[in-house]
Each structure stands twice: as C-alpha cells, then as structure tokens.
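Fair warning: this is a prediction, and the values are worked out from it, not measured in the lab.
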Amino acid sequence: MAKLVLRSGRELRLLAGHPWVYRSDVGRLDGAWAPAEAVSVCDAAGHVLGRGFYNPRPQIVCRLLTPHDEPVDRAFLRRRLLTAWAFRQALGYDGDAGRVVGSEGDALPGLVLDRYGDVLVLQALTLGIEQWARALAELALEIVGARAVYRRADAAAATVEGLAGDSGWLVGGVEGSPALEVDIREGPCRFRVALETGHKTGFYLDQRENREAVASHAAGREVLDAFCYTGAFGCWALRHGATHVLGVEASAEAAARARTHADAQDGGDRFDVVEANAFDALRELERTGRRFDLVILDPPSFTRRKTAVTAALRGYKEINLRALACLRPGGLLATFSCSHHVGPPLFEEVCRAAAGDARRPVRLRTAYGQAQDHPVLLTVPETRYLKGLLLEAVG
C-alpha cells in the first residue's frame, strides 16, 4: 500500500476532523499508488491518520474516507451506504426524491447520489470514486431498492480531477434513451425532472424543506419567483393559496417546464413566467412600479472561487436591493445564496447593506439552511453552503 507522509505540523487539520489533504501538506509519497486503491496517510512521525484515495493532479490530493487504518473495499463502501440510507429513512420526508449520499457529509468524499423515484443518479467527483462508480451503483441499487442508476458527469470535476467517464447508465436503464426524464412527488407537488440536462443532478433537492416553509406564507399573496428555474418554489406557493405567481427565468427550456409544472398543480391560470435575465427583470419591475407581497430570490451560485467573492457580493446586493424595492409594505423577501464562499454572516451583511440602500427597514423572520438530507459537518464548514433569510418589510 502506498503511504502519503505529511510535512511536520500538517496533520492538525485531519486530527480536528477535516478530511482534506492539500498538495502543500505532503512531504513525500512512499510506494506506488493506484487510483482505485486507498493510500495510508501518516504524519511526519509515521503515525497513521487514516486512508483515502490519492490523486496528484488537483490541489486537494487526498480526501480521507476513514480516520482508521482499515481496508477501503467493497464491504467498507457498503457499510457507508447503509449508514447514509438509514439516516435518510429516519427523516421521514413526504415524497420520493432526495439525496442519498452527500460526499463529505456522509463520509464518502467525492460521491453524490440522489434518488428520483425509482432511479438513482450518481456523480463521481474524484478520481478514486470514479474507479468504484459501478460497484457503488450496484450496492446502492441493492440498498435503496431502485431499478436503475444513471451516472451524471460533472464537467468541473472532470477538468480538475482528470476524470474520463461520461454520462450514461451504470446499472439498468436503456442506453441511448433520447429523453431521460422521471416524474417525482414532493409533498403535494408533482414535477418532471430531466436527469440528463437539468441543473446539478436534475433538480434542486437541497431546497425541498425551504420550498414548503416559504410557501406557508403564500396564502392570499401575490408572489414573484425570480430565478425560478422549473418553477418549484412557485408551484409550492400555488398549492398554498397564492393569488398569483410571476416567475422570471432566463432559460426558455426551464421556463417552459415551469409552465408545465404550474399546470400540473392546477394553478396554471394563476401563473405567468417571463423569459428574462433576473437582474434586468427586477430593475424593470421596480421602474414600472410593479409590487408584490412575497418575493423569492434563489439564484445560482455567483462564485465557485474565493477570488471572485467581491463580485459575487455585488450581485447579491443588487438583486436584494431591487427585490426590496418591489415589496409592498409588510411584504416578505425569501432570499438565498448557495455560494459556499459566502458564509451566513457575510450573506446577512450583504442583505443588511441592501436594505440600507433601499431605505427599507426589514425584520428578520427566520433563517434557512439546506435540507436535512444534505448533512452539514461542523468540522467541515464547506458542507454548509446553502443559507437563506426570510425578511419582512417594516412599513
């Protein structure tokens, strides 16, 4: 077995419970390594810190799968999957879609596994996990009880890690299927998910609990759902009695799906969608005096790099300022950020600055986070990426 020996003092992060080993942490690599075989990670004195898959290509060269000196084999992976699935079963969600494995959050760094009805979608985000993708798919099929597992390639991970695998069926399914779509239920709502082309693994599963929570305020309100994607927030609002929902979505394909989804909730007559850039649409709505009782801002990540945080903050401030200007007195703004480089205190500061510039005093009603099936580890702050605020315009 290859052994990754760290430089003196570089073991402290691992001992504190964070699983990442950076290239700059490494003193030397003893022995020959193979992508599918976990290496032993040791401190400078030779004490074993755990085992994980090694890849010299990215900045994060190793992510510990275990802090123990134990084999990382099929039996090990099966135990990890069983633990992850048992956790999800205990949550008792009303629906048939959700996360099964959340990478570091489930002690399986580099693996994302989502359930959509009776189909699982697997993403391999590290070279080591890619080597085990088929075995993981077979194990997941057995444990979860699905009929097929589809691999969804991630372009960013492929570039960073040097992954070779393409999207396609790992177990079950029909190769060459022209339209890989699955119907799912989320509480009272029904959605059709495009697993092959949809964002992330097809749907924003991490917002499931927030959709219901925000919709609980929608009865009798006129709602603006900016960055609406395929309309999930808006559909929940319709189900909870919103008088009207206006969606804003730049993608024509996603906007069409949003219309279809609104019709599926029997709310098509109370739903409209504008195909437009949300920044432009918010400015136009403010200019024309259009006002709403509930505004939802759920933009995509504005930055994936720490160096771009300043630009991202400008974007968050802009959309929140415009959204606040479009609120009626007593109206509610549900605003979110999924940029993990923008932590909760920084996001709150941006919203505070936007409220100040808009001259709209706001009351904090509640704070939101990611769905419980997307676990947050206190020792791995990167696992806490989704945050949100429900703000009430005072006067």
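Just one of Asp206, Asp114, Asp373 meets the salt bridge (Lys or Arg N to Asp or Glu O under 4.0 Å) condition when paired with Arg99; it is Asp114.
A distance-only check finds no donor-acceptor pair linking the side chain of Arg363 to the backbone of Gly330 [under 3.5 Å]. Within the 3.5 Å criterion, the main-chain N or O of Cys228 finds no donor-acceptor partner in the side chain of Asp298. Side chain of Gln123 to backbone of Thr201: no donor-acceptor contact under 3.5 angstrom is found. At least one donor-acceptor pair closer than 3.5 Å links the side chain of Lys387 to the backbone N or O of Ser339. Panel note: side chain Gln59, backbone Tyr22; no donor-acceptor pair is recorded below 3.5 Å. Gln207 contributes no side-chain N or O that, together with a main-chain N or O of Phe233, makes up a donor-acceptor pair within less than 3.5 Å. Here the side chain of Thr230 pairs no donor or acceptor atom with the backbone of Ala258 at under 3.5 angstrom. A donor-acceptor pair under 3.5 Å is formed between the side chain of Arg23 and the backbone N or O of Pro58. In terms of modelled atom types and a separation under 3.5 Å, the side chain of Trp132 and the main chain of Ala36 share a donor-acceptor contact. Remark: the backbone N or O of Leu127 is paired with a side-chain donor or acceptor of Glu161 at under 3.5 angstrom.
Salt bridge status for Asp96 with Arg115: absent, with no side-chain N to carboxylate O gap under 4.0 Å. Arg259 has no carboxylate O lying under 4.0 Å from a charged side-chain N of Glu249, or vice versa, which leaves the two without a salt bridge. The pair Arg208-Glu186 does not count as a salt bridge, with every side-chain nitrogen at least 4.0 angstrom from each carboxylate oxygen. The pair Arg322-Glu318 meets the salt-bridge criterion, with a side-chain N (NZ, NE, NH1 or NH2) lying under 4.0 Å from an Asp/Glu carboxylate O. Using a 4.0 Å cut-off between a side-chain N of Lys or Arg and a carboxylate O of Asp or Glu, Arg291 and Glu222 do not qualify as a salt bridge. Salt-bridge check for Arg239 with Asp266: failed, with every basic side-chain N at 4.0 Å or more from each acidic carboxylate O. Electrostatic pairing of Arg211 and Asp225 does not count as a salt bridge here, judged by no charged N lying under 4.0 Å from a carboxylate O.
Val26 and Ile60 are members of different hydrophobic clusters when ILVMFWY side chains are connected at heavy-atom separations under 4.5 Å. A continuous path of hydrophobic side-chain contacts links Leu141 to Ile129 [ILVMFWY only; heavy atoms under 4.5 Å]. Both Leu170 and Trp85 are part of a single hydrophobic cluster, where members link through side-chain heavy atoms under 4.5 Å apart. A continuous path of hydrophobic side-chain contacts links Val72 to Leu111 [ILVMFWY only; heavy atoms under 4.5 Å]. Linking ILVMFWY side-chain heavy atoms closer than 4.5 Å, directly or via other members, places Leu321 and Leu390 in two distinct hydrophobic clusters.
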- Residue pair Thr83, Asp106: steps toward the side-chain contact (heavy atoms from CB on, under 4.5 Å) verdict: CA-CA 8 Å; Thr83 299; Asp106 288 291; over 6 Å; no

- Item | Intermediate values then yes/no, salt bridge (Lys or Arg N to Asp or Glu O under 4.0 Å), Asp43 and Arg10 | CA-CA 7 Å; Asp43 64 17; Arg10 297 303 181 95; over 6 Å; no

- Would you please test Arg147 and Val119 for side-chain contact (heavy atoms from CB on, under 4.5 Å) and show each step? CA-CA 6 Å; Arg147 68 173 173 83; Val119 174; 3.5 Å; yes

- Start with the C-alpha distance between Arg360 and Leu391, add both sets of side-chain angles, then the distance that settles side-chain contact (heavy atoms from CB on, under 4.5 Å), and finish with yes or no. CA-CA 11 Å; Arg360 296 295 299 270; Leu391 305 174; over 6 Å; no

- Query: Would Cys326 and Arg290 count as a side-chain contact (heavy atoms from CB on, under 4.5 Å) if you check the C-alpha gap in whole Å, the side-chain angles of each, and the deciding distance to 0.1 Å?
  - Reply: CA-CA 6 Å; Cys326 290; Arg290 184 79 181 271; over 6 Å; no

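Atom CD of residue Glu142 and atom CG of residue Leu139 lie 6.5 Å apart, to the nearest 0.5 angstrom. Interatomic distance, CG of Asp154 versus CZ of Arg151, reported as 9.5 Å (0.5 Å rounding). Interatomic distance, Asp269 CG to His244 NE2, rounded to the nearest 0.5 Å: 9.0 Å. The distance from atom CG of Leu4 to atom CG of Asp30, rounded to the nearest 0.5 Å, is 9.0 Å. Here Leu108 contributes atom CG and Thr66 contributes atom OG1; the two are 11.0 Å apart, rounded to the nearest 0.5 Å. To the nearest 0.5 Å, the span separating CD on Glu392 from CG on Leu332 amounts to 5.5 Å.
In this structure, Val223 and Leu246 have side chains that are not in contact, with every pair of non-hydrogen atoms separated by 4.5 Å or more. Between Arg51 and Pro71, some side-chain heavy-atom pair lies under the 4.5 Å cut-off. Within the 4.5 Å cutoff, side-chain heavy atoms of Ile319 are placed close to those of Phe302. Counting only heavy atoms from C-beta outward, the side chains of Val380 and His18 approach each other to under 4.5 Å. Side-chain contact between Glu196 and Tyr150 is present, with at least one heavy-atom pair separated by less than 4.5 Å. Using a 4.5 Å heavy-atom threshold, the side chains of Trp20 and Asp25 count as separate. Side-chain contact between Val245 and Arg270: absent, with no pair of heavy atoms (C-beta onward) separated by less than 4.5 Å. Between Ile296 and Trp236, every side-chain heavy-atom pair lies at or beyond the 4.5 Å cut-off.
For the pair Ser337 and Val342, the tightest heavy-atom approach, listed with the atom from each and the gap, is OG-CB, 4.2 Å. The shortest heavy-atom contact between Ala255 and Glu275 is CB-CG, 3.7 Å. Closest heavy-atom contact between Ala157 and Leu163: O-CG, 3.8 Å. Closest approach of Leu6 to Glu11, counting heavy atoms only: CD1-CA, 4.0 Å. The heavy-atom pair separating Arg257 from Ala194 by the smallest distance is NH2-CB, 3.5 Å. Between Ala32 and Ala2, the shortest heavy-atom distance links the atoms O-CB, 3.4 Å.
Thr335 and Tyr316 form no side-chain donor-acceptor contact under 3.5 Å, judged by distance and modelled atom types alone. If you check the side chains of His217 and Asp293, you find no donor sitting under 3.5 Å from an acceptor.
Within a 6.0 Å radius of NZ in Lys3, other residues, nucleotides and ligands contribute 12 heavy atoms or fewer. Within a 6.0 Å sphere centred on CD of Glu286, other residues, nucleotides and ligands contribute more than 12 heavy atoms. Atom CZ of Arg384 has 12 or fewer heavy atoms from other residues, nucleotides or ligands within 6.0 Å.
Tyr54 and Trp33 have perpendicular rings, their planes meeting at more than 60° on a 0 to 90° scale where under 30° would count as parallel. Between Phe227 and Phe279, the angle of the ring planes goes over 60°, which puts this pair in the perpendicular group of the 30/60° scheme. Relative ring orientation between His199 and Tyr229 is described as parallel, the plane-to-plane angle staying below 30° on a 0-90° scale split at 30° and 60°.
Remark: aromatic rings of Phe203 and Tyr116 are distant, center separation not under 6.0 Å.
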